[in-house]
Every structure is written in structure tokens, then in C-alpha cells.
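One structure below.
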Amino acid sequence: MKSKSVAYILWLFLGLFGVHRFYLGHVWYGIFFFFTFGIFGIGWIVDAFLLGQEVDLYNSRQIY
């Protein structure tokens, strides 16, 4: 299970490089964020609102 607090800490300090996306297993989004600096900061801001849902979705997929 992934932690929301860890995801938000990664987002806050390394989010422009996509580290929080790598943490959740979204490798291609992470690479895209890395080379565009969080889609020029816009994607980084949007992720502030969507990150909690992304962690919940990841955890729900891992319960099987």
C-alpha cells in the first residue's frame, strides 16, 4: 500500500520532476513530468488536487 503522506511529500519537494508519479507506478507520466518540469508547473498544481484520489486508486488495485 502506498501512503498519501509520502506521495504528497514527494509531490511537494520533487513533484516538478515527476517523482510522485514514479512512486505510484505511472512511469510514462513520470518521464513526461521530468522532461517538461511538471508540464511547466501546471500539471504539478493539478496534481495537488488529484494525488489523493490517485493513491486511493492505486491501493484499491493492489488489494486483490
| Could you give the distance from CD (E54) to CG (N59), rounded to the nearest 0.5 Å? | 11.5 Å

| request: Would you give the length of the straight line joining atom OG of S60 to atom CD of Q53, rounded to the nearest 0.5 angstrom? | output: 11.5 Å

Listed pairs under 3.5 Å, donor-acceptor, residues 33-42 side chains, sequence neighbours left out:
unit_1	atom_1	unit_2	atom_2	d
T36	OG1	F32	O	2.7
T36	OG1	I39	N	3.0

Linked, directly or transitively: [X] and [Y] (ILVMFWY side chains, under 4.5 Å):
X: Y8; Y: L57; result: no
X: V19; Y: V46; result: no
X: Y58; Y: L50; result: no
X: F22; Y: L12; result: yes
X: I31; Y: L16; result: yes

| said: Taking F17's backbone N and O only, do any of them form a donor-acceptor pair with W44's side chain (distance below 3.5 Å, no angle check)? | reply: no

| Side-chain donor/acceptor of Y23 to backbone N/O of S3, under 3.5 Å | yes

| task | Please report the closest heavy-atom contact between V55 and K2, naming both atoms and the distance. | result | CG1-O, 3.6 Å

| salt bridge (Lys or Arg N to Asp or Glu O under 4.0 Å): which pairs involve residues 31-51, sequence neighbours left out? | R21-D47

| query | If we only count heavy atoms from C-beta on, is the L51 to L24 side-chain gap below 4.5 Å? | reply | yes

| Given side chains that start at C-beta, do those of L14 and H20 come closer than 4.5 Å, heavy atoms only? | no

